[in-house]
> 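Take this structure, written in structure tokens, and hold onto it; I'll ask about it next.
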Amino acid sequence: MRASYPPAALQLREEMAVRRARLLTCDSVLDLIGGTPLIRLRNLEPPGVELWAKCEFANPGGSVKDRPALQMIRDAEADGRLTRDRIIIDSTSGNTGVAYSLVGAALGYRVKLVMPANVSAARKQITAAYGTELVFSSELEGSDGAIRLVQKIVAADPDRYFYPDQYSNESNPRAHYLGTGAEIVAALGDRLTHFVAGVGTSGTVMGVGRRLKEHRRPDGGRVTVVAVEPDDALHGLEGLKHMASSIVPRIWRPAECVDQILPMPTEEAWEMTERLKEAEGLFVGHSAGANVAASVRVAQDLARRGERGCIATVLCDRGDRYFVPLRWETCYG
Amino acid sequence: MAQVRIPTPLRRLTHGQEVVQADASTVGELIAVLEQNYPGFKDRLLDEKGQVRRFINIFVGEEDIRYLQALDTPLQQGTEVSIVPAIAGG
């Protein structure tokens, strides 16, 4: 069923937009990070189950990674690990790199990134446009090859760099504990029954998971946390990690807050990515597709058992981040 | 003989080898030879219709075979073939 609005509702929507715009004046691009909207995916819901998705593409860097990048840098500034003379360096599959570049530019830090050579052209261009220095690791070794290379670079000149190491840095899940998780509780409150998110560094699911586990519904129930990972070592879900065949991030400690790990086939996630465009008008990346596909599975299980539910998930970034630039477009770097 | 560059997730099929040799005149033939020598390759690379899976990128030299002749892309002696998967995590 598609939403349709009577004239009075349209007028109310306009008033709300103006009110929201008035609240949205801010001092820095960094103030735009977080506080993302939740959108209801009505056209994908089975009866009796609400499906909500956090629009992380609405962050100024275009992805969920703005949150951990800002938190890791702010926390390191606060305790003195990051000083003005140091270059921020990390390995990334791209989105964290865009986020570091944006936060670094806004705060006046130099940034250097190690990425696998086959990250999307869009992400190489965006980071280079910010003035970030890029180093490429083997396209055959994925993000683990980038991790090994950044460790080598830092070990050769440790005083020159601040290496946040997003896979081991507790500020990464903390960003989601303080931000994403708290925002979801504030918006959906006691209705929330499930949270579903894919695992890359695992920052989102660990941070949101911990926050949601502290929340107790009036009926005494707790939120069920579902982590999504690719079903095979060789997969097409950029941004997600197949743990059994990867360097396992130190922040990934599922026993603390994850109730279920759901293996996701690439094809199913890609099909959901397509369906999201047609059904909801949302053009998102494949990791967001994986999150929604897993959420729909959880929703259908609930509906089959005749249970009600309210599921929240995350739309990590937009689909246009995976475009190849056209020949006549500006090239940076 | 083509030189095939193997991505990390498939190296357990090749007993850890990063590069393997295979005698084949097209990419399709090459996958059949790989399957024979290192069982498991075909299912990973091809879908049930025998086409290259959408998320697998196979390069002959620097070119993606989607922009060449797909599985019929011819291989010259000593050509380098790379199997490049998506990027994982972070």
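Basis for what follows: all heavy atoms, side chains included, without hydrogens, waters or symmetry-related copies. Each chain gets a letter, A, B and so on, in the order the sequences are listed, and its residues count up from 1.
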> Does anything in residues 34-45 of chain B get under 4.5 Å of chain A by heavy atoms, and if so which residues?
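B:R44, B:L45 fall under the 4.5 Å cut-off.
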> With sequence neighbours excluded, tell me which residues meet side chain to side chain contact (heavy atoms under 4.5 Å, CB included) with A:K152.
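None.
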> Sort A:D90 into side chain, backbone, both or neither according to what part of it lies under 4.5 angstrom from a heavy atom of chain B.
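No part of A:D90 comes within 4.5 Å of chain B.
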> Taking all non-hydrogen atoms of both residues, which atom of B:P9 and which atom of A:L140 are closest, and how far apart?
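Minimum heavy-atom separation between B:P9 and A:L140: CD-O, 4.4 Å.
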> Just checking heavy atoms, which of residues 51-59 of chain B are less than 4.5 Å from chain A?
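The residues closer than 4.5 Å to chain A, in numerical order, are B:R53, B:R54, B:F55, B:I56.
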> I'd like to check the side chain to side chain donor-acceptor pair (under 3.5 Å) partners of A:R250; sequence neighbours left out, ordered by chain and number.
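Here no residue qualifies.
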> Output the distance between atom OG (A:S138) and atom CZ (B:R5), rounded to the nearest 0.5 Å.
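A:S138 atom OG to B:R5 atom CZ measures 6.0 Å (nearest 0.5 Å).
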> Between A:V64, A:D232, A:I147, which shows the greatest number of heavy-atom pairs under 4.5 Å with chain B?
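When all of A:V64, A:D232, A:I147 are compared, A:D232 has the most.
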